[in-house]
Amino acid sequence: MIKRDQSPMSKTPAAQSTTPAENTPHTSEHAAQIRQGRIDKLEAWRKLGQNPFPYHFEKTSDNATLQAKYADLENGVETEDVVSVAGRVMALRNSGLFIDLQDPSGKIQVFCHKENLSAEMMEALKLVDVGDVIGATGTIRRTPRGELSVKTRQLQILGKSLLPLPEKYHGLTDVETRYRQRYLDLIMNPESRDTLVKRSKIIADIRKLLLDKDFLEVETPMLQTLAGGAAARPFVTHHNTLEIDMYLRIAPELFLKRLIVGGISEKVFELNRNFRNEGISPKHNPEFTMMELYQAYADYNDMMDLTEEIVTTVAQKVLGTTKIDFQGTEIDLAGPWPRKSMIDCVKEETGVDFAAIDTDEAARTAAKGLGVFVEEYDTWGYALEKVFEDKVEHKLIQPIHITDYPREISPLAKEHRDNPRLVERFETRVYGWEIANAFSELSDPLDQRQRFESQMAQRDSGNDEAHQMDEDYITALEYGMPPCGGLGIGIDRLIMILTNSPNIRDVIAFPTLKPKH
RNA sequence: GCGAGUUUAGCUCAGCGGUAGAGCACUCCCCUUUUAAGGGAUAGGUCCUGGGUUCGAAUCCCAGAACUCGCACCA
């Protein structure tokens, strides 16, 4: 609860009036003048009997609905239909005769002719600035020039703006300001609003699709004492009364599989934030949204089907098509998508068949022969992965499932049923980007212990992102887990692809930035 | 973490060793059927910060900050 102000006097209008010396942000003289002028207008509204920050307005319609409803109204035609609209003033022409009013749905013109407004309202009109939130009540008409308008009888201030909006022709283009002051970006740039609205719809549609398939949505710890389920550096924080360091989760995976063991449901999912303490780039934000699901009695083939269903369904629902343009590249998301093993991809691209390579040393030599840098301690699997990433990955523009990953880079995936060097894992690539990662989940506790021990050995030899031993997770597996398919989808990346956004910050309302000072 | 670039009025940008500029926004005046900005007149600056070179620095040099893009790490 917000703490109540100690002084009842602070509620009085007198106490609310502002003196220029206080509450003034550090700005130039000019900016301070603009702000002071608007504070003066705010007081003038009060003198006219209107609270510049009122409590309620009876808005009867949004702008887009009116534009649609009166689409066929001919130029110069007036109606008797009375509406109340509200939104932000984006432009004032002819001293307020014409006001462009913007709400989240769109724009409508507010027409303020002196014939329809009292002398007092005409005075109030002079107090309206670009940026103010106002409400207008009047009749619907279309001007001779074709602009749908509200012929205003009542004008109300609903939220006085003290700061000037960016110029409307060029808009707000400074990327830093757009991310730091997203509210300004949203006011000025409809495409930013559109992208973030689509984000919301995409997430809602994924959630609905999974719920309709009887997946149970669950929540697992974000604060963990052991950051597992992925290979990444975690954020460290501290719990004061427990007197322990804790980690922000890098993945929910191990907890979700504990729930599968417990049988809370045969299908669970979590759609929420992960945190990784790593570099920031156009494709990486320190906190990002991941959908992870686990389905008992399913394997990675089922997960490929489900990935295709999720992506194509969401594209169809949100965009109305599966054919999309991403930064000038045509991508068709319609399934089914090709499924090709990592070894076959590398073989096709480079001519080198890793299936025929038996030793780690031969694998390293093969990679070097292709001009791929490998460490001296890299094993067959790491060498294969590096060649794939270097030579193949960026060429996979259309959707594809890359299957059958090396065992040693996948400590939580079940051994491949036909090849013990591999695991049943796939990553789905679109535009070269990984948007999904899935396994037939490793359910054998004895094998899982060996995998963790192998990871611990890697950790000892300097890989600080190798997975840690999680005894409780192994204990859970020792009680018995059904065969299980697991799937993770990087939601931000998927949204980038679907909204044609080249930077992850465009699909995150408040991306991580350093404080300015 | 490394490299390159950017930072000048509220916004969008010029200027690149010699008194700080434009458009739009703001303020004032005129104007009530306009369409990115109706007409006119004003005012507005920590040229990112701190050092240095110079008679003189927004401009050149050094250090730092934030941002952008690569690379590294990763999803």
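Lettering of chains follows the sequences in order, A, B, ..., and the numbering in each one begins at 1.
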For the side chain of [X], counting heavy atoms from C-beta on, which of [options] is nearest?
| X | options | answer |
| --- | --- | --- |
| A/N94 | B/C73, B/G38, B/A75 | B/G38 |
| A/A31 | B/A75, B/U35, B/G10 | B/G10 |
| A/P166 | B/U33, B/C73, B/C11 | B/C11 |
| A/S95 | B/U35, B/U32, B/G38 | B/G38 |
| A/L172 | B/C73, B/A37, B/C11 | B/C11 |
| A/R493 | B/U32, B/U12, B/A75 | B/A75 |
| A/P282 | B/A75, B/G70, B/G38 | B/G70 |
| A/R180 | B/A66, B/A75, B/C13 | B/A66 |
| A/D129 | B/U34, B/A75, B/U27 | B/U27 |

>> Testing A/D492, A/T499, A/D194 one by one against A/R199 for a side chain to side chain donor-acceptor pair (under 3.5 Å), which residue passes?
In response: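 Of the listed residues A/D492, A/T499, A/D194, the side chain to side chain donor-acceptor pair (under 3.5 Å) partner of A/R199 is A/D492.
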
> With A/K151, which of A/H113, A/E78, A/E115 fulfils side chain to side chain donor-acceptor pair (under 3.5 Å)?
Replying inline: A/E78

Counter-base of [N], judged by Watson-Crick or G-U geometry with both distances under 3.5 Å:
| N | answer |
| --- | --- |
| B/A22 | B/U12 |
| B/A65 | B/U7 |
| B/G1 | B/C71 |
| B/U27 | B/A41 |
| B/C60 | B/G52 |

Which whole number of Å gives the distance between the [atom1] atom of [N] and that of [M]?
| N | M | atom1 | value |
| --- | --- | --- | --- |
| B/A43 | B/U27 | C1' | 7 Å |
| B/C73 | B/G64 | C1' | 26 Å |
| B/C60 | B/U53 | C1' | 8 Å |
| B/C67 | B/C30 | P | 48 Å |
| B/U46 | B/A41 | C1' | 29 Å |
| B/C26 | B/C69 | C1' | 35 Å |
| B/G15 | B/A22 | P | 15 Å |
| B/A58 | B/C71 | C1' | 32 Å |

[X]-[Y] side chain donor-acceptor pair, cut-off 3.5 Å:
| X | Y | answer |
| --- | --- | --- |
| A/Q181 | A/D185 | no |
| A/D506 | A/S501 | no |
| A/E427 | A/Y405 | yes |

Round to the nearest Å and state the distance from [X] atom [atom1] to [N] atom [atom2].
| X | N | atom1 | atom2 | answer |
| --- | --- | --- | --- | --- |
| A/Q181 | B/C67 | CD | C1' | 14 Å |
| A/I280 | B/A66 | CD1 | P | 11 Å |
| A/K386 | B/C73 | NZ | C1' | 12 Å |
| A/E389 | B/A72 | CD | P | 10 Å |
| A/L487 | B/A75 | CG | C1' | 14 Å |
| A/F275 | B/A75 | CZ | P | 17 Å |
| A/L117 | B/U33 | CG | P | 14 Å |
| A/L163 | B/A9 | CG | P | 16 Å |

> Taking RNA chain B as the partner, which of residues 131-143 of chain A come within under 4.0 angstrom of it by heavy atom?
Replying inline: A/R141, A/T143

Under 4.0 Å between a side-chain N or O of [X] and OP1 or OP2 of [N]?
| X | N | value |
| --- | --- | --- |
| A/K114 | B/U32 | no |
| A/N116 | B/U32 | no |
| A/K151 | B/U32 | no |
| A/R145 | B/U33 | no |

> Would one find more than 12 heavy atoms of other residues, nucleotides or ligands at under 6.0 Å from atom CD of A/E120?
Replying inline: no

[X] near the nucleic acid: base, sugar-phosphate alone, or nothing, with a heavy-atom cut-off under 4.0 Å?
| X | answer |
| --- | --- |
| A/E434 | sugar-phosphate |
| A/T173 | sugar-phosphate |
| A/N437 | nothing |
| A/G490 | nothing |

>> I'd like to compare against my own output: the B/S/- annotation of nucleotides 20-25 of chain B with a strict under-4.0 Å heavy-atom distance to protein.
In response: ---BBB

> Side chain of A/Q109, base of B/U34: donor and acceptor closer than 3.5 Å?
Replying inline: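 Looking at the base of B/U34, it does pair with a donor or acceptor on the side chain of A/Q109 (distance under 3.5 Å).
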
>> With hydrogens left out and only the distance checked, is there a donor-acceptor pair under 3.5 Å joining A/Q33's side chain and the base of B/U27?
In response: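 Answer no: no donor N or O sits under 3.5 Å from an acceptor.
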
>> Need to verify one output field. Residue with the more 5' nearest nucleotide on RNA chain B, A/E176 or A/A91?
In response: A/A91

> In terms of the angle between their ring planes, are A/W433 and A/F326 parallel, tilted or perpendicular, with boundaries placed at 30° and 60°?
Replying inline: perpendicular

> B/A75 base stacked by A/F288? Criteria: ring centres under 5.5 Å, plane angle under 30°.
Replying inline: yes

> Is the Lys NZ or Arg CZ of A/R339 less than 6.0 Å from the centre of A/F426's six-membered ring, within 45° of the axis?
Replying inline: no

>> Just to verify, what does A/E191 make a salt bridge (Lys or Arg N to Asp or Glu O under 4.0 Å) with, not counting sequence neighbours?
In response: none

> Are the side chain of A/N285 and the backbone of A/I280 linked by a donor-acceptor contact shorter than 3.5 Å?
Replying inline: no

> Centroid-to-centroid, A/F111 to A/F98, below 6.0 Å?
Replying inline: yes

> In terms of side-chain geometry, is the basic nitrogen of A/K257 or A/E253 positioned less than 4.0 Å from the acidic oxygen of its partner?
Replying inline: yes

> Under a 4.0 Å N-O cut-off, is there an ion pair linking A/R207 with A/E217?
Replying inline: yes

>> Checking A/Q109 against A/T143 for the side chain to side chain donor-acceptor pair (under 3.5 Å) test, could you report, in this order, the C-alpha distance in whole Å, the side-chain angles of both residues, the deciding distance, and whether it holds?
In response: CA-CA 10 Å; A/Q109 180 166 272; A/T143 65; 4.9 Å; no

